[in-house]
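What follows is a set of notes on a single structure, which appears directly below.
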Amino acid sequence: MDDGSGVDVRVLHVDDEPSLTDLVSIYLEREAGDVDLSVLTSNSGADALERLRQEQVDCVVSDYDMPDIDGLEFLRAVRAEHPDLPFILFTGKGSEEVARDAFRVGATDYMQKDTGTDQYTVLANRVVNAVSQYRAKAASERYGTAIEVLDSGVYSLDSDGRFTSADGVFCGLTGYEREDILDRQFADLAADSGDEIRNAFQKVIDSDSADTERFETVLSSGPSYPHDDELLCEGHLALRPTEDDEAAVIGTLQDVTERRHRRNRLRYETRLQDAVLDTSTSLMSAEADEIGTKIEWTLQTVGEVADLDRCSVYLYNDETNVAACVHDWNRGAKIEHPARVSLDEARWLLERLHRFENVRLHCVSDLPPDASNTKQLLTETETGGFVAAPMVSKWSFVGFVVFDVIDTTRSWTDTEVDLLRSVANNITHTLARERRERELRRQNDRLDEFASVVSHDLRNPLNVAKGFVELAREEEDVAYLDRALDGITRMDTLLNDVLSLARQGRKVGDTNAVNIADVAERAWKAVDTGKEAVLVVEDGLGATQADQGRFQQAFENLFRNAVEHGSKTDQPSATGTVERGSSGAHSARDDELVVRVGPTQSGFYVADNGPGIPDEKRQTVFEHGHTTSQSGTGFGLSIVESIVEAHGWDICVTGPESDLGGARFEVDIGGVRSEVEPRFSLSDD
């Protein structure tokens, strides 16, 4: 990759911040690997244009927000003089609209500035790749015409259009032996009517001038034709003078099948690029309640343009090492993509995606021997070939998008794979935006709830305390102070619950493997449950990754909820007993509260023998302020839901246990988080 100056690649970096151009130059030259890369710098678009006219440059890297002309105006000026020169817009103040406009104007690539130095390695790789593709394309165009001339077959026809001679190139091109076509009508070799050949031949014969006639036709190939494709040919005919003044024609023939494939491929890639831009615009403008529909429309649009059979979006759960399908499209394949894919089932695939690699497979048989599980999975789903593009958020792998076909002859070009990767990136950004907007709505809801508590829920106990204090003062009876203390105690409880929501919200700290049964027992001991209360902890609860402190808080609130609503006695506060290993074997007395924690297929449940929760209220028990107890604040179950969601789990109220008949809460810890906020690694550390 030498341009004659002793340097492999020369880059012009344009940015109005001189210190930044110096920094980027140092890192680009260092991170280019085996490529000898040199960076020229410029601090304005006008100066950069002048340098492009005077110096040899292989790639331009430009900022967007510059004082004289912005990055898009600079790009338009570059394209006016250098239509194909690689151009990468590298900006920290751009937007999704800027990226879309940049590609439409003709940018080769777009990259958002980030913190840290890893971004310069990525930028260096993109520069080298862009220059390599540009030079390969230029070389192909430079030598294409010469190769076509060398590959042209030459033949001659008599006045009736019969072959009188044919050279070896013609015979090799068409697959015929020379003796098999001499004296045959050229038009008879046509796959269809042969009218294109006859018309061109007749115009040459009837013409008095030396004009050459061109035709294009599909020929029936001979026995030794080496390809399976039909033989699309382009030919030229011209009069040839003869000694006896008989009309004769000399012609050339070229196989333009590959040229047509390239032309069709270019048209297809242009259509695919337009589809990616259109779907990108649609995803950018999607409202919160439209995102799911817009993602599936994106998969359908890209799938139909790219002639795919299936497209699916998978989100990866680092705790279970399982990827779950959250959006998909199917053209009509009998077998759909699996709903879940585990690391053990597709380790070869997931490990490459975790390294942010695009995975391209033309045929399942191309898989290496160490990918037997992946091969089995793809065979079961009748996958012929596929492209899997990783979903990357904040430099972490959060999922992938798979595009596949059942046909085993499909090949994937670099341009096609890059465009499909762009689709995955757009979906990733959209899901991340949805998560941010959802979290912002939650924060706003918590602020509203906090204001509601301060203005209403705290006002009532405050008025109670104030009223009884005034009575105690007026009547000089300290007995009223006990009533006032009740109000102050309720205010303290309310404040603790509200502060817990406001400070912690739906965030968790570091997670570790914790034993669920042990956490439940510690929580039971921390709650005033009464003397006549029993906790039954069943076997098989297992362990999970969790923030132990907040996980215990969730159990405490569930137990406290059971005690407040299901207490059988007014005994003084004390911690009840604990039974381990039971499974419905405990026989409760009439005055005894039983709380049981047991395993489910994907998590655990907490059930009691209290009055239960009516069907019509099961959807509202997690709302802030909802309570049916005079002593409750209505925030206990809301805090439980917040903690559960912060761990990426789900909680719901289900039908009661048959032997208990009270409330039953089920926590699913095996699901995949809907938000794109990774906290995981595939490493063994």
Side-chain angles (χ1 to χ4, degrees), residues 135-269 409-411 413 415:
R135 289 177 173 173
K137 179 180 178 181
S140 175
E141 294 174 350
R142 186 181 307 119
Y143 299 115
T145 303
I147 292 173
E148 288 176 356
V149 171
L150 292 175
D151 288 343
S152 295
V154 180
Y155 56 92
S156 60
L157 308 173
D158 62 17
S159 58
D160 294 326
R162 298 177 184 276
F163 285 102
T164 57
S165 67
D167 69 0
V169 176
F170 180 91
C171 295
L173 186 152
T174 60
Y176 290 99
E177 297 295 333
R178 184 179 289 104
E179 55 270 19
D180 294 333
I181 59 174
L182 292 179
D183 292 330
R184 287 186 62 180
Q185 288 275 354
F186 187 16
D188 291 344
L189 299 186
D192 295 323
S193 64
D195 289 343
E196 294 87 351
I197 299 175
R198 292 190 183 92
N199 292 338
F201 178 81
Q202 198 60 45
K203 289 180 180 179
V204 170
I205 290 294
D206 294 342
S207 176
D208 295 332
S209 64
D211 289 343
T212 299
E213 290 295 327
R214 175 192 171 278
F215 64 89
E216 188 174 291
T217 188
V218 177
L219 294 182
S220 296
S221 55
S224 59
Y225 184 65
H227 308 294
D228 295 330
D229 295 338
E230 63 182 14
L231 178 57
L232 178 66
C233 293
E234 178 183 275
H236 294 82
L237 298 176
L239 279 175
R240 178 173 67 90
T242 60
E243 295 179 356
D244 53 7
D245 293 331
E246 285 288 327
V249 173
I250 188 170
T252 62
L253 192 75
Q254 294 176 354
D255 182 355
V256 295
T257 306
E258 184 59 33
R259 185 194 303 172
R260 182 178 64 173
H261 288 336
R262 290 198 302 269
R263 183 172 63 243
N264 291 343
R265 172 62 64 177
L266 180 60
R267 290 174 179 171
Y268 157 67
E269 289 174 349
T409 62
R410 174 67 176 261
S411 61
T413 66
T415 300

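On a predicted model such as this, the values are computed, not experimentally measured, just so you know.
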Checklist entry - CD/Q185 to CG/L157 distance, rounded to the nearest 0.5 angstrom? => result 8.5 Å
Item to check | Shortest non-hydrogen separation from Y176 to C171 and the atoms involved | outcome: O-CB, 3.1 Å
Next on the checklist: On a heavy-atom basis, which atom in Y268 and which in R410 lie closest, and how many Å separate them?
Outcome noted: OH-NH2, 3.5 Å
Next on the checklist: Please verify the inter-ring angle class for Y155 with F170; under 30° counts as parallel, over 60° as perpendicular, anything in between as tilted.
Outcome noted: tilted
Checklist entry - Do the non-hydrogen side-chain atoms of L219 and T174 ever get within less than 4.5 Å of each other? => result yes
Next on the checklist: Rounded at 0.5 Å granularity, tell me how far CG in L253 sits from CG in L231.
Outcome noted: 7.0 Å
Checklist entry - Do the side chain of D158 and the main chain of D160 share a donor and acceptor less than 3.5 angstrom apart? => result yes
Checklist entry - Less than 4.5 Å apart, any side-chain heavy atom of L266 and any of R263? => result no
Checklist entry - Would you call V249 and F186 a side-chain contact if the rule is heavy atoms closer than 4.5 Å? => result no
Item to check | Side chain E177, main chain S224, donor-acceptor under 3.5 Å | outcome: no
Checklist entry - At what distance, to the nearest 0.5 angstrom, does CD of Q202 lie from CG of D206? => result 4.5 Å
Checklist outcome for this item: Residues C233 and V256: closest non-hydrogen pair is C-CG2, 3.9 Å
Checklist entry - E234 versus R214: any side-chain heavy-atom pair under 4.5 Å? => result yes
Item to check | Partner of V204 by side chain to side chain contact (heavy atoms under 4.5 Å, CB included), out of T212, I250, L237 | outcome: L237
Item to check | Flag, side chain of R184 to backbone of F163, donor-acceptor distance under 3.5 Å | outcome: no
Checklist entry - Does the side chain of V169 come within less than 4.5 Å of V154's, by heavy atoms? => result no
Item to check | S220/Y225 under side-chain contact (heavy atoms from CB on, under 4.5 Å): CA gap, chis, key distance, verdict | outcome: CA-CA 10 Å; S220 296; Y225 184 65; over 6 Å; no
Checklist entry - Quick check: does any side chain N or O of R198 sit under 3.5 Å from a backbone N or O of S193, one acting as donor and the other as acceptor? => result yes
